[in-house]
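Below: one structure, written as structure tokens.
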Amino acid sequence: MSTKPRCIDRQREIADSLLAWFSGNARDLPWRCLQHDPYAVWVSEVMLQQTQVAAVIPYYQRWMGRFPTIDDLARADEQEVLAHWSGLGYYARARNLHRAAKAVAAEHSGRVPSDPAALRALPGIGAYTAGAILSIAFGLPHAVVDGNVERVLSRLVALDGDPKSSVNQKALWNLARSLVPPERPGDFNQALMELGATVCTPSLPSCGACPISNQCAAYKSGEPERWPQAAPARKNVRVEHVSVIVRAGDQIVLVRRENSGLWGGLWENPRSEVARGEDPLDAPASAARSLGLEADIEPEPFTQFQHQVMHFSIRLTGYAATLRSPIPTAQLNGPTMFTLSEAAGLALAAPQRKLLVEYERYQRAQQGMSTAGANE
DNA sequence: AAATCGGGGCA
DNA sequence: TGCCCAGATTT
């Protein structure tokens with residue numbers, strides 16, 4: 001009856017092969033226990049955006065423990081939401097998820113909508129995440145195309161050109177849609193991604209273990225790694241910064257970044273860009289000056305180099321005249337003083353969190369030395 | 001269409 | 001070091 005019976009048969013065979021393979025080769029991942037909870041699927045899919053499975057697992061467990069339902073998330077304070085995301089990166093994902101939870105609570109009576117258009121209207125849900133929720137949680141025959149699917153399908157049909165180009169993106173989505181079976185669409189989509197993650201890898205794919213290698217054009221060519229034909233990467237420009245631990249007594253100064261841009265809305269140590277030609281050792285002083293801290297800056301020997309950011313410690317004396325007395329609320333954006341244990345509860349970017357851990361260790365070592373000295 | 005967001009893992 | 005990762009949003 002179909003106009004392309006051979007084509008349909010081939011699609012059916014690919015789906016069946018993948019589903020059979022998946023039933024014996026699916027990794028045991030925490031979110032696969034809650035496949036029928038749209039919120040749980042949603043959280044896992046957002047965390048997995050541009051983030052590897054191993055990095056997500058502990059964050060997912062902690063998140064679901066604190067925000068087990070969409071209402072728990074909708075009622076939570078944004079700073080606490082960000083604190084639970086702290087270290088995962090791409091913090092707009094957390095803010096969007098929080099905003100979307102509030103929207104679902106307000107506009108959909110707390111139920112994740114199963115309508116594609118309504119899903120796509122939520123902040124942070126694009127074509128991929130909508131397809132994943134619809135197919136995995138609701139069992140609806142929608143396709144997904146992520147980095148894994150992109151690679152698998154590019155090899156399957158030996159796709160010519162950059163898979164990111166708009167023409168090829170349309171082709172890949174159409175191909176993915178044509179392959180999704182009406183039954184078990186969620187398992188099929190996960191199988192496709194699982195295959196890309198564990199078998200059809202970017203380098204050294206294990207074609208011997210692939211259930212659809214007999215259908216794969218790249219495999220037949222003998223050089224599967226020729227696909228996908230990625231565009232040449234652009235080179236990135238690095239900017240040097242210094243990050244300063246400004247200390248007064250047992251407290252340190254943190255500032256909250258703007259909501260948009262890098263590490264949006266997170267707390268960090270005062271930071272200063274190193275101007276071209278400037279001695280990096282002068283930068284801590286300019287960072288302090290940008291806070292209005294003019295007096296009695298005594299650099300301490302604690303320094304740490306991390307990527308392109310250098311960290312210095314500065315001890316402030318007479319700070320009360322220039323920096324207002326400790327501000328208890330964490331709502332302010334300006335320089336605010338925290339003890340190290342208070343800082344540990346804030347939404348910090350991962351490098352800042354590591355820096356504070358190192359600094360605490362350094363301080364303890366210093367105290368140990370001074371104690372030992374006093375005993376002599 | 002291109003840039004941006006981030007941190008970790010791995011060759 | 002460079003590339004990749006269960007992408008979405010802004011410009």
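Each chain gets a letter, A, B and so on, in the order the sequences are listed, and its residues count up from 1.
For A:Trp31, whose side chain is taken as the heavy atoms from C-beta onward, the closest listed nucleotide among B:dG6, B:dG7, C:dA6 is C:dA6. Each of B:dA1, B:dG6, C:dA6 was ranked by its minimum atom distance to the side chain of A:Ser166; first place goes to B:dA1. Of the listed nucleotides (B:dC5, C:dA8, C:dC4), C:dC4 has the atom at the smallest distance from the side chain of A:Pro202. Distance from the side chain of A:Leu262 is smallest for B:dC5 among the nucleotides C:dA6, C:dC5, B:dC5. Checking C:dA6, C:dC5, B:dG7 against every side-chain atom of A:Tyr128, the shortest atom distance belongs to C:dA6.
Checking A:Ser203 against A:Leu88, the closest nucleotide of DNA chain B that is more toward the 5' end is the one next to A:Leu88. Mapping A:Ile125 and A:Gln190 onto DNA chain C by nearest heavy atom places A:Gln190 closer to the 5' end of the strand.
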(message) Under the criterion side-chain hydrogen bond (donor to acceptor under 3.5 Å, both in side chains), I'd like the reasoning laid out for A:Glu225 against A:Ser203: C-alpha separation, chi angles, the key distance, then a yes or no.
(response) CA-CA 6 Å; A:Glu225 287 190 59; A:Ser203 62; 5.2 Å; no
(message) Assess the residue pair A:Arg10 and A:Glu13 against the criterion (salt bridge (Lys or Arg N to Asp or Glu O under 4.0 Å)); give the C-alpha distance rounded to whole Å, side-chain angles, the decisive distance to 0.1 Å, and a yes or no.
(response) CA-CA 5 Å; A:Arg10 183 164 171 243; A:Glu13 186 180 336; over 6 Å; no
(message) Run the ring-ring contact (aromatic ring centres under 6.0 Å, His included) test on A:Trp267 and A:Phe338 for me, step by step, so that the C-alpha distance in whole Å, both residues' side-chain angles and the decisive distance to 0.1 Å come before the verdict.
(response) CA-CA 11 Å; A:Trp267 292 87; A:Phe338 297 94; 5.2 Å; yes
(request) Could you give me the CA-CA distance, side-chain angles and deciding distance for A:Arg12 and A:Asp16, then say whether salt bridge (Lys or Arg N to Asp or Glu O under 4.0 Å) is met? (result) CA-CA 6 Å; A:Arg12 190 65 247 184; A:Asp16 288 343; 2.7 Å; yes
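Separating the CD atom of A:Gln169 from the P atom of C:dG7 is a distance of 11 Å, rounded to the nearest angstrom. When rounded to the nearest whole Å, the span between CG of A:Asn148 and P of C:dG7 equals 7 Å. Taking atom CG of residue A:Asp146 and atom C1' of nucleotide C:dA8, one finds them 14 Å apart after rounding to whole Å. In this structure, A:Arg353 places its CZ atom 15 Å from P of B:dG6, rounding to the nearest Å. The distance from atom CG of A:Leu204 to atom P of B:dC10 is 14 Å, rounded to the nearest whole Å. For A:Arg257 and B:dT4, the CZ to P distance is 15 Å, given to the nearest whole Å. In this structure, A:Asp162 atom CG and B:dA1 atom P are separated by 11 Å, rounded to whole Å. What separates CG of A:Leu82 from P of B:dG7 is a distance of 13 Å, to the nearest Å.
A:Arg66 places no side-chain N or O within 3.5 Å of a backbone atom of A:Gln61 that could act as its donor or acceptor partner. With A:Gln215 contributing its side chain and A:Ile14 its backbone, the two residues share no donor-acceptor pair below 3.5 Å.
The two residues A:Gly87 and A:Ala350 have their closest heavy-atom pair at CA-CB, 3.7 Å.
On the C1' atoms, C:dA8 is 23 Å away from B:dG9, given to the nearest whole Å. Between the C1' atoms of C:dC5 and B:dA1, the separation comes to 23 Å (whole Å). Taking the C1' atoms as reference points, C:dA6 lies 23 Å from B:dA11, given to the whole Å.
Using a 4.0 Å heavy-atom distance criterion, A:Gly196 is classed as making no nucleic acid contact. A:Ala127 comes within 4.0 angstrom of the backbone, heavy atoms only, and of no base. No contact: A:Arg99 has no heavy atom under 4.0 Å from any strand. Counting any heavy atom pair closer than 4.0 Å across all strands shown, A:Ser165 reaches no nucleic acid atom.
For A:Trp63 and A:Tyr59, the ring centers are positioned 6.0 Å apart or more. Residues A:Tyr60 and A:Trp31 place their aromatic rings such that the two centres sit under 6.0 Å apart.
Distances shorter than 4.0 Å separate none of the side-chain N or O atoms of A:Lys164 from OP1 or OP2 on B:dA3. Between B:dG7 and A:Trp263, a contact under 4.0 Å exists linking OP1 or OP2 to a side-chain N or O. Between A:Tyr90 and C:dT9, a side-chain N or O to OP1/OP2 separation shorter than 4.0 Å is absent.
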(request) State the dot-bracket string of DNA chain B. Criteria: Watson-Crick or G-U wobble, both atom distances under 3.5 angstrom; notation: ( ) intrastrand, [ ] crossing earlier pairs, | interstrand, . unpaired. (result) |||||.|||||
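Annotation: side chain of A:Tyr39 is in contact with side chain of A:Met64 (closest heavy-atom distance under 4.5 Å).
Residues from residues 34-70 of chain A lying near DNA chain B, meaning a heavy-atom separation below 4.0 Å, are A:Gln50, A:Thr51, A:Gln52 in numerical order.
Interatomic distance, A:His142 NE2 to A:Tyr128 OH, rounded to the nearest 0.5 Å: 14.5 Å.
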